[in-house]
Structures are given as C-alpha cells and as structure tokens.
Amino acid sequence: MHFYTFYKYRWLRSRQIQVAETTVIRAHKVLALIEAIQPTHALVLCYFLETNSKQCNLVDKNVIEIGAGTGLVSIVASLLGAFVTATDLPELLGNLQYNILQNTKQKCKHQPCVKELSWGIDMEKNFPRSSCHFDYIMAADVVYHHPFLDELLLTFDHLCKNDTVILWAMKFRLEEENRFVDRFQTLFDLEMISNFPSLNIALYKAMRKGRMKARPSKLKV
C-alpha cells in the first residue's frame, strides 16, 4: 500500500483530526479534506514523526513549527508528547489556534501554544536566544518562490542551537529554491533522510555545521 493511503487510514482517521481551511469553522475529518487543503509535505513530515517515534522521541521535547499553516504537524507533534509552539503570520493565527485547540485539548500531555512569527522580524524580542531553546524545528514546504527567503534563513539561524535538529520537508521547484539550499548549507549540515519520488518530496534533517557527526542519525522512513 502506498504510504499516503496507509497514513490517511492508520493515523489521521484513527485520531479523527479535524482541520478548517479558513477562519470559517468547518468540522470535517482530515480524511475528507486531505487532498483538497492539506499540503502533502505536512503529511510526509507527520508520517515520519509517527514511524520514527522511538528514534525521534518527542515526549517532553521543545518543538517549534515555522509556517504552521493549518497546524497539522504541530497537532501530531503534540499528540506524540511534545511541548509545541506553532507559529505563522498574524493573519493566520485565528484558524491555526482553532485547529490546534479542536484537536489537542485534553488529548495531549502538553497543551501547545500558538505564536506569531513573521520570519526575520523582531526575532530577539519575541524569541530571545537566552531563554528559547528548541530541540526540534519543523518546517513543511516553507521554501518556494516567495520574497522572504533571506528572512527564512535568518529565522533558522536565530532559532537553532548547537543541539537543535531541523526536520524539513521540501519539494524542489526552481533554481531560486536550490540557491537557498546552497546558502542554508553554509550554516548547517544537511542530510536527506527520506525521499518520496512519486510525490517529488524529500525529507531532510539539518543541524549546525559540525554537529551532525556528534549526533549520528538513526532515522529511517
């Protein structure tokens, strides 16, 4: 069975996660909405988190998702036991907050929080380096043709400590996105940990330069 079909039935349906596409509340199961509104990148990352729950144990870990969108990755990470901070642009927080509350209230060990994060803006004010430490940074399809790739790199750089692991699902599209990866690799070691050719999506793990060897990967999909 293709992982996409398998995942929809085994996790999303069993958990009955519900998401709304906009701030208009619509109580639909993910199973009914999945192809219409959920980025496949988020599903790839969620599938990875479930199938690697022993090697990538999220229980009591501090996790931040950037560009959370409808919040699916943050919801799954919360259900797996993490302290989650779901972030996105201010105009998207209402829907994000609704989806997360709908799916995690009284269902997870730690109630996730929703916070504004405009890439590269007021990073030290909103996420001070001295007090913010994240074990994982998660991102699904944040690199595409938009004018904020410089700010995205600044955001990764600011949030990432020496022992932080970045998990990033990405689809290569244009030369500009490939150039971003080249710049990203001046600061971070990057390793492809899974590839889904039928979806044209790859899943990457990244850490600060020189830190990957100190923490060898045992993650497989």
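Just so it is clear, the values below take in all heavy atoms, side chains as well, and ignore hydrogens, waters and symmetry mates. For clarity, every value in this text was computed on a predicted model and none was experimentally measured. Index from 1, following the sequence.
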Completion exercise
Heavy-atom closest pair (Ala86 atom, Ala68 atom, distance to 0.1 Å) is CB-CB, 4.2 Å
Exercise for the section: Could you grab the distance from atom CH2 of Trp119 to atom CG of Leu89, nearest 0.5 Å is fine? Expected result: 7.5 Å
Practice task
Please report the C-alpha distance between Leu152 and Ile66 in whole Å, then the side-chain angles of each, then the deciding distance to 0.1 Å, and finally whether the side-chain contact (heavy atoms from CB on, under 4.5 Å) criterion is met.
Solution key: CA-CA 9 Å; Leu152 176 60; Ile66 61 175; 3.7 Å; yes
Problem - Side-chain heavy-atom pair Asp157, Phe184 within 4.5 angstrom cut-off - result: no
Exercise for the section: Tell me whether Leu45 is reachable from Leu80 by hopping between hydrophobic residues (I, L, V, M, F, W, Y) whose side-chain heavy atoms are closer than 4.5 Å. Expected result: yes
Practice task
Output yes when a side-chain donor or acceptor of Lys161 lies under 3.5 Å from a complementary backbone atom of Arg129, and no otherwise.
Solution key: yes
Handout entry: Test item: Lys115 side-chain N/O and Asn126 main-chain N/O as donor-acceptor pair under 3.5 Å
Key = yes
Problem - Met170 side chain near Ile201 side chain, heavy-atom distance below 4.5 Å - result: no
Practice task
Can you see which heavy atom on Leu190 is nearest to which on Ala206, and at what distance?
Solution key: CD1-CB, 3.9 Å
Handout entry: Met123 vs Leu159, side-chain contact (heavy atoms from CB on, under 4.5 Å): CA-CA, chis, key distance, verdict
Key = CA-CA 9 Å; Met123 293 300 301; Leu159 295 174; 4.0 Å; yes
Practice task
Answer with yes or no after comparing the ring centroid distance for Trp168 and Phe188 against a 6.0 Å cut-off, counting only values under it.
Solution key: no
Practice task
Determine whether the side chains of Thr104 and Gln111 contain a donor N or O and an acceptor N or O closer than 3.5 Å.
Solution key: yes
Practice task
Could you check if a side-chain atom of Glu116 sits within less than 4.5 angstrom of a side-chain atom of Asp88, using non-hydrogen atoms only?
Solution key: no
Handout entry: Side-chain touch Asp60/His110, heavy atoms, less than 4.5 angstrom
Key = yes
Handout entry: Heavy-atom check, side chain of Glu65 versus side chain of Thr87, under 4.5 Å
Key = no
Exercise for the section: Determine, for Phe134 and Lys61, whether the Lys NZ or Arg CZ falls below 6.0 Å from the six-membered ring centre while staying within 45 degrees of the axis. Expected result: no
Practice task
For side-chain contact (heavy atoms from CB on, under 4.5 Å), just list the numbers for Tyr136 and Cys56, CA-CA rounded to whole Å, side-chain angles, deciding distance to a tenth of an Å, and then say yes or no.
Solution key: CA-CA 10 Å; Tyr136 290 92; Cys56 182; 3.6 Å; yes
Problem - Nearest-0.5 Å distance that lies between atom CE in Met138 and atom CG in Leu167 - result: 5.0 Å
Handout entry: Identified side chain to side chain contact (heavy atoms under 4.5 Å, CB included) partner of Val63 from the options Ile137, Leu49, Leu58
Key = Leu58
Practice task
Report yes or no: do Val73 and Ile193 belong to one cluster of Ile/Leu/Val/Met/Phe/Trp/Tyr joined by side chain heavy-atom distances under 4.5 Å?
Solution key: yes
Exercise for the section: Measure the CG-CG distance between Leu153 and Leu187 for me, rounded to the nearest 0.5 Å. Expected result: 5.5 Å
Problem - Any donor-acceptor pair under 3.5 Å from Thr85 side chain to Cys113 backbone - result: no
Practice task
Answer yes if Leu154 and Val181 sit in the same cluster of Ile, Leu, Val, Met, Phe, Trp and Tyr residues linked by side chain heavy atoms under 4.5 Å apart, and no otherwise.
Solution key: no
Handout entry: Leu72 and Cys46, any side-chain heavy atoms less than 4.5 Å apart
Key = yes
Handout entry: Student check: side-chain heavy atoms of Pro112 and Ser74 closer than 4.5 Å
Key = no
Problem - Exam field: side chain Asn62 to backbone Asp135, donor-acceptor pair closer than 3.5 Å - result: no
Exercise for the section: Give a yes or no answer on whether the side chain of Arg208 reaches the backbone of Cys160 with a donor-acceptor pair at less than 3.5 Å. Expected result: yes
Problem - Ring geometry between Phe156 and Phe180 (parallel below 30°, tilted from 30 to 60°, perpendicular above 60°) - result: tilted
Problem - Distance, nearest 0.5 Å, that separates NE2 of His133 from CG of Asn162 - result: 8.5 Å
Problem - Any donor-acceptor N/O pair, Asn103 side chain to Asn99 backbone, under 3.5 Å - result: yes
Practice task
Show your reasoning for whether side-chain contact (heavy atoms from CB on, under 4.5 Å) applies to His41 and Val44.
Solution key: CA-CA 5 Å; His41 306 76; Val44 166; 5.7 Å; no
Problem - In one Ile/Leu/Val/Met/Phe/Trp/Tyr side-chain cluster, 4.5 Å: Leu93, Leu101 - result: no
Problem - Point-to-point distance, once rounded to the nearest 0.5 Å, from CD of Glu151 to OG of Ser118 - result: 10.5 Å
Exercise for the section: Verify the cluster assignment for Leu203 and Val165: are they in a single hydrophobic cluster under the rule of side-chain heavy atoms below 4.5 Å apart? Expected result: yes
Exercise for the section: Indicate the atoms forming the closest heavy-atom contact of Ala77 with Val84, along with that distance. Expected result: CB-CG2, 3.8 Å
Exercise for the section: Please round to the nearest 0.5 Å and tell me the distance separating atom CD1 of Ile64 and atom SG of Cys132. Expected result: 7.5 Å
Practice task
Flag the pair Asp150 / Arg183 as yes when at least one side-chain heavy-atom distance between them is below 4.5 Å, and no otherwise.
Solution key: yes
